[in-house]
Undergrad: 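I have a structure I would like to understand better, so I am pasting it below and will then ask my questions one at a time.
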Amino acid sequence: MKIGICSDHAGLEYKSKLISYLLGKGYEVVNFGTDSCDSCDYPDFAHPLANAIEAGECELGIAICGTGNGMAITLNHHRGIRAGLAWNNAIGALVKEHNNANVLVLPARFISYRMAVSIVRTWLTTEFAGGRHQRRIDKITEC
Ligand code: RB5
């Protein structure tokens, strides 16, 4: 499985640690930046990640910024992306089980790294439930 990952400056530290974690678990990882702690703009990294998922170059993505909201709002402008913000394991599970999120978004300034990696593990190992949840997902783009 190939996972794309991106962050802004606020998520850089967690991104670096998560890349090591994911590589250690045998995932292929594509890093879409940022790779500097200089202040930067989250859309510059969210759009390339979203484009790669929509093009089938990565199956899933992880995006990290301070609150998670900038990344989530940007990513969800892409029709092929369902980006879900999670700050605990229960939400990390439900965002896959119910929403089939193909990008997990983490709020680095509001959770510990220990929680971040736990959420990633939960999200990656939870299956989409399908059924009524697929029907609801099918309606998301009806606008
Ligand atoms: C950066 O200061 C911060 O605004 C950003 O990481 C994110 O929280 C935006 O939604």
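Both ligands and their constituent atoms are indexed starting at 1 by order of listing. Worth knowing before you read on, the calculation uses all heavy atoms, side chains too, and leaves out hydrogens, waters and symmetry mates.
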Undergrad: Consider side-chain contact (heavy atoms from CB on, under 4.5 Å). Of Val95, Ile91, Leu106, Ile62, which one does Ile119 pass it with?
TA: Leu106
Undergrad: So, taking the atom named CD1 in Ile64 and the one named CZ in Arg109, what distance separates them when rounded to the nearest 0.5 Å?
TA: 13.0 Å
Undergrad: Can you pull every nitrogen or oxygen pair between ligand 1 and the protein closer than 3.5 angstrom?
TA:
from: ligand 1; atom 1: 2 (O); to: Arg109; atom 2: NH1; distance (Å): 3.1
from: ligand 1; atom 1: 6 (O); to: Asp8; atom 2: OD2; distance (Å): 2.6
from: ligand 1; atom 1: 6 (O); to: Gly66; atom 2: N; distance (Å): 2.7
from: ligand 1; atom 1: 8 (O); to: Gly66; atom 2: N; distance (Å): 3.4
from: ligand 1; atom 1: 8 (O); to: Thr67; atom 2: N; distance (Å): 2.8
from: ligand 1; atom 1: 8 (O); to: Thr67; atom 2: OG1; distance (Å): 3.2
from: ligand 1; atom 1: 10 (O); to: Thr67; atom 2: OG1; distance (Å): 3.3
from: ligand 1; atom 1: 10 (O); to: Gly70; atom 2: N; distance (Å): 2.9

Undergrad: How about CD on Glu54, more than 12 heavy atoms from neighbouring residues, nucleotides or ligands closer than 6.0 Å, or not?
TA: yes
Undergrad: Under a 3.5 Å distance rule, please check whether Arg82 uses its side chain to pair with a backbone N or O of Asn100 as donor and acceptor.
TA: yes
Undergrad: Counting only N and O atoms by type, is there a donor-acceptor contact under 3.5 Å from the side chain of Trp87 to the main-chain atoms of Gly92?
TA: no
Undergrad: Give every donor-acceptor pair under 3.5 Å between a side-chain atom in residues 38-48 and any protein atom, sequence neighbours left out.
TA:
from: Asp38; atom 1: OD2; to: Ser36; atom 2: OG; distance (Å): 3.3
from: His47; atom 1: ND1; to: His78; atom 2: NE2; distance (Å): 2.8

